[in-house]
Each structure stands twice: as structure tokens, then as C-alpha cells.
There are 2 protein chains.
Amino acid sequence: MSKIGPLDTAVSLDSYECTIAVECCVFGFQDNVLKILLVKRSIEPFKDYWVLPGGAMNEGKTLPESIEEVLSNLTGIRKIALEQVACYSNVERHPIKRVVSVSYYALVKPEDYPVIPKNYISDIMWFEIGDVPELGFDHNRLLTDSLSKLRDNLRQNLVFGELLPDLFTLKELQELYENILGERLDRRNFRKKILQMGLLVPTNEKKAGVKGGPELYKKK
Amino acid sequence: MSKIGPLDTAVSLDSYECTIAVECCVFGFQDNVLKILLVKRSIEPFKDYWVLPGGAMNEGKTLPESIEEVLSNLTGIRKIALEQVACYSNVERHPIKRVVSVSYYALVKPEDYPVIPKNYISDIMWFEIGDVPELGFDHNRLLTDSLSKLRDNLRQNLVFGELLPDLFTLKELQELYENILGERLDRRNFRKKILQMGLLVPTNEKKAGVKGGPELYKKK
DNA sequence: CCCTTTCTGTGTATAAATTACATAGAAATA
DNA sequence: TATTTCTATGTAATTTATACACAGAAAGGG
């Protein structure tokens with residue numbers, strides 16, 4: 001007989017408890033491709049597998065606070081905008097113990113978090129989104145879901161967080177969109193649409209070193 | 001010093017555990033208004049407050065399975081389509097113990113679950129969405145978030161789950177949309193749009209008792 | 001039974017948004 | 001300085017969304 005009934009909604013004091021984990025898809029845009037920050041596990045289970053950065057929610061912390069703590073410890077990333085994606089509760093998703101995970105995504109400027117140069121056998125690395133290996137746990141699924149949500153948000157709101165440097169050209173912005181959405185956009189129409197949203201301000205500076213002398217923009 | 005670090009991602013075996021609850025916004029459409037199923041608590045905390053039906057996730061069950069169990073016990077509702085909404089982790093959201101809640105919503109035909117007639121001081125009742133009282137815990141917030149998500153989904157996909165009886169007129173469907181979206185729709189344009197989606201099939205039957213003799217449709 | 005009321009069902013003209021598309025000028029490179 | 005490669009820009013065509021009016025069907029009342 002279940003403990004749950006009409007006169008005992010919500011939870012009772014002796015209810016079952018389990019570990020809650022937070023996992024974060026940290027997206028960055030670099031070398032003209034969308035990248036994802038992964039860490040390599042050094043312990044079982046899934047030793048030597050790449051996974052999303054994450055960890056247990058701690059006592060006295062909310063889920064976003066726990067994410068911030070995890071990312072801060074792993075990467076120095078702090079104070080970023082997080083978007084909750086979904087909650088995963090399959091019983092066997094962690095081979096050793098019951099763990100329910102809540103996933104978030106974040107958009108950061110990779111330039112701000114130089115974890116890349118740590119050579120290619122590091123325990124933390126940016127992966128091109130097309131080159132993500134088989135991840136530990138169900139993290140490929142989490143990543144797919146986060147990417148879908150990112151695409152949806154981008155398509156609807158045309159917001160791109162902190163994926164680009166402070167100053168950028170419209171071409172760079174367009175390439176960001178094309179990469180994330182996975183489709184090619186018309187240059188003139190894109191420019192028209194994005195400018196009439198009034199979220200960008202031109203700086204009257206031109207980007208040096210590139211033919212045509214494109215104007216640099218910044219976020220309003 | 002936090003237990004979380006780059007070499008200890010995901011969770012360790014002795015990580016902090018807490019109770020996970022599921023809460024469900026069960027929406028129904030009746031008497032031409034959107035309704036929400038609430039239950040009245042008979043125990044502290046929030047004794048005599050109305051809250052969303054919910055309960056603790058049980059060992060060996062996923063979150064959706066736990067929802068189904070809760071709803072089945074409370075209302076006889078079974079096998080319904082659930083949509084995950086969000087996860088709530090504020091430390092003080094439950095006054096007695098730490099509880100993280102995951103919310104879902106469901107769309108049901110109230111005709112199938114006759115909990116309404118149980119007179120008006122029952123412990124389970126349908127409320128008009130405009131007449132929802134102050135709920136226990138943070139459930140007003142959960143309800144607001146679920147309703148937003150429902151509206152978004154309705155606007156984008158024009159799906160309405162099991163909110164209507166098997167056979168319904170286009171007018172009834174339109175009123176459902178108008179009620180949920182909170183805006184008035186043009187009759188001809190609505191009809192045109194919804195029909196060209198190809199999700200409805202006409203039955204060649206007319207609804208009796210209503211002037212004009214409107215045709216009955218069903219879902220494909 | 002008929003008149004009135006209230007609902008259903010339908011099409012078109014207009015406005016708005018999206019798409020497709022080509023050329024002249026600026027900066028870099030050789 | 002000639003060439004290459006990029007930037008910047010407007011308009012026509014198409015598609016989509018919006019506004020809107022009248023004839024027919026069923027119910028209700030006298």
C-alpha cells in the first residue's frame with residue numbers, strides 16, 4: 001500500500017530520500033563552431049568517460065547555487081545566466097545508486113574561460129558540438145535536450161547570452177545563429193531582422209584585418 | 001571545502017540526500033471555463049490549505065510513475081499524458097524539511113473523473129482557474145508556471161490533450177482556446193487554421209439542442 | 001405553425017511578414 | 001595599383017495573418 005493518499009499529500013516526514021544532482025551544458029562559440037564544455041571522470045562509475053560538468057546538490061543550497069558551485073570549482077565560471085532544462089529520474093540512470101538529475105544550460109564566452117589550451121588529454125575540454133563522444137551516464141541525452149531547448153529559445157527570442165565577445169560583427173553573429181540552428185540564413189534578411197529588434201547598437205568602429213571593413217556592434 | 005571538484009563530478013556515494021516530491025497541475029475544461037484540480041490538506045504543515053495534488057517520489061519509481069500513483073490514488077485518473085514543467089529547489093519552500101519538487105501538468109476530460117459533485121467542502125475539488133485561492137507551499141507559483149507552459153504549448157502546437165469530450169464542435173474548441181489563451185479569436189480564421197492542420201475529422205453528425213446545428217468533430 | 005432569435009458556415013480583400021535576389025564600395029593581399 | 005574578398009543596401013514576389021458580412025439551420029415562444 002502506497003504512503004500517498006488524499007489525506008497525505010505532499011510529503012510525510014519519513015519519505016524516501018535520494019540524491020539530487022545538477023548537470024550543466026556550458027555552451028561556447030569559438031572558431032566559428034558551437035562548443036560544449038565536458039569533463040573527464042577519474043573515478044568509477046564511467047571512469048575515463050567524458051560527462052557534463054555536474055555534481056550533487058548540497059544541503060542548504062538551491063539547484064542553481066549548486067550549479068554555480070560546481071562550475072566555479074571546475075572552470076572559474078561564475079555568475080552566469082542559467083536556464084533550467086529538464087529533470088531525469090530513470091531508476092537505472094546511475095549504475096550504483098539512485099540519482100535524480102536536473103539539467104541546466106549556460107552560454108558563455110569561451111575567451112573568458114581559457115580551459116581549452118590544457119592540451120588534449122586534459123580532464124576538462126571544449127568539444128565541438130559535432131564531435132562529442134559517447135558520454136557517461138545518460139549525458140548524451142541531456143546534451144541533446146539542452147541543445148533543443150537552446151535552439152528553441154534562440155529561434156523565438158533571438159537571444160544569445162554571452163556567446164560572443166563584447167564587440168562583434170553582424171557576420172559573426174549570423175554565423176553563430178547558423179551554427180546553432182543548423183541552417184543557412186540570408187544575409188540581408190538576417191541583418192534586417194536582427195537590427196529592427198533594437199537589441200544591438202553600432203559602435204562606429206570597424207573590425208580591422210577583415211576585408212570590407214565591417215562595423216562592430218555590441219549588445220544594448 | 002566543497003565535496004565537488006573536477007575529479008569528483010556527478011555524485012559520490014555519501015552525497016547529501018533529500019526528499020523529491022512531484023506535484024501535478026491537472027487541468028480540465030468544464031462549463032466553458034478552464035479548471036484546476038486541487039486537494040485540501042488535512043495535516044500540517046499547511047493544514048486546511050488547498051494545494052496541487054502531489055506526493056513524494058517513491059523508491060524504485062520514476063517521477064512520472066510517482067505522479068501516476070498519486071493521481072490514481074486521489075482521483076482515479078490513470079494513464080494520462082504528462083508534461084514536465086519545472087523543478088523547484090528553494091531551501092525554505094517546505095517549512096519542516098528540505099523538499100525539492102518537480103511539477104508536471106496534465107489535461108484531462110473532467111467528465112471522466114467526476115470528483116466535482118463531492119459537495120463544496122470536500123478535500124478534492126475542481127476550481128475555476130480564476131478562483132484559485134491562496135495555496136499551501138509555493139503552489140500558486142507552480143500553478144502559474146504550469147499555466148504559462150500550457151499556453152505556450154497551445155499557441156505553438158495547437159494541441160489540447162484530453163480537455164474536451166470525444167465529440168465536440170468547433171465552437172467548443174474555440175472557446176477552449178479563448179479561455180486558456182485569454183484572448184478572443186476570430187471565428188472564421190480559427191476554423192480555417194485549425195482545419196488545415198488536419199488534426200480533426202468531421203463526423204457528419206450534428207450536435208443536438210443547439211441552434212444552427214453545428215457539426216461534431218473528433219480528434220484524428 | 002410561424003415568426004423570431006441565435007447560432008453555424010463560408011470567401012475575399014487588405015495588411016503584414018517572409019523570402020528571394022544583385023550590385024557598388026571598402027579593405028586586404030599580392 | 002590591380003585583384004580579390006568581404007561588407008552594405010533595397011525592392012519585388014510570395015506567403016501568411018487579419019479583418020469583416022450575410023445566408024441558412026435549428027431552437028424557442030407565442
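Residue numbering restarts at 1 for every chain, and letters A, B, ... go by the order of the sequence lines.
One atom, NZ of A:K171, and another, C1' of D:dA8, lie 13 Å apart when rounded to the nearest Å. Rounded to whole Å, the distance from CD on A:Q174 to C1' on D:dC6 is 13 Å. We find that CZ of B:F190 is positioned 15 Å from C1' of C:dT8, with the value rounded to whole Å. Rounded to whole Å, atom C1' of D:dA19 lies 15 Å from atom NZ of B:K193. Counting to the nearest Å, the P atom of D:dA19 and the CD atom of B:E183 are 11 Å from each other.
More than 12 heavy atoms of other residues, nucleotides or ligands sit less than 6.0 Å from atom NZ of B:K219.
When B:F46, B:F137, B:Y88 are each tested for a ring pair (Phe, Tyr, Trp, His ring centres under 6.0 Å) with B:H94, only one passes: B:F137.
In terms of phosphate contacts, A:R191 brings a side-chain nitrogen or oxygen within less than 4.0 Å of OP1 or OP2 of D:dA8. At the phosphate of C:dA27, OP1 or OP2 sits under 4.0 Å from a side-chain N or O atom of A:K206.
The side chain of B:N189 has D:dT18 as its nearest neighbour among D:dC6, C:dC21, D:dT18. The side chain of A:R187 sits closest to D:dT7 out of C:dA20, D:dT5, D:dT7. Closest contact between the side chain of B:K192 and the listed nucleotides D:dA27, D:dT7, D:dT18 involves D:dT18. Among C:dG9, D:dG10, D:dA26, the nucleotide with an atom closest to any side-chain atom of A:R188 is D:dG10.
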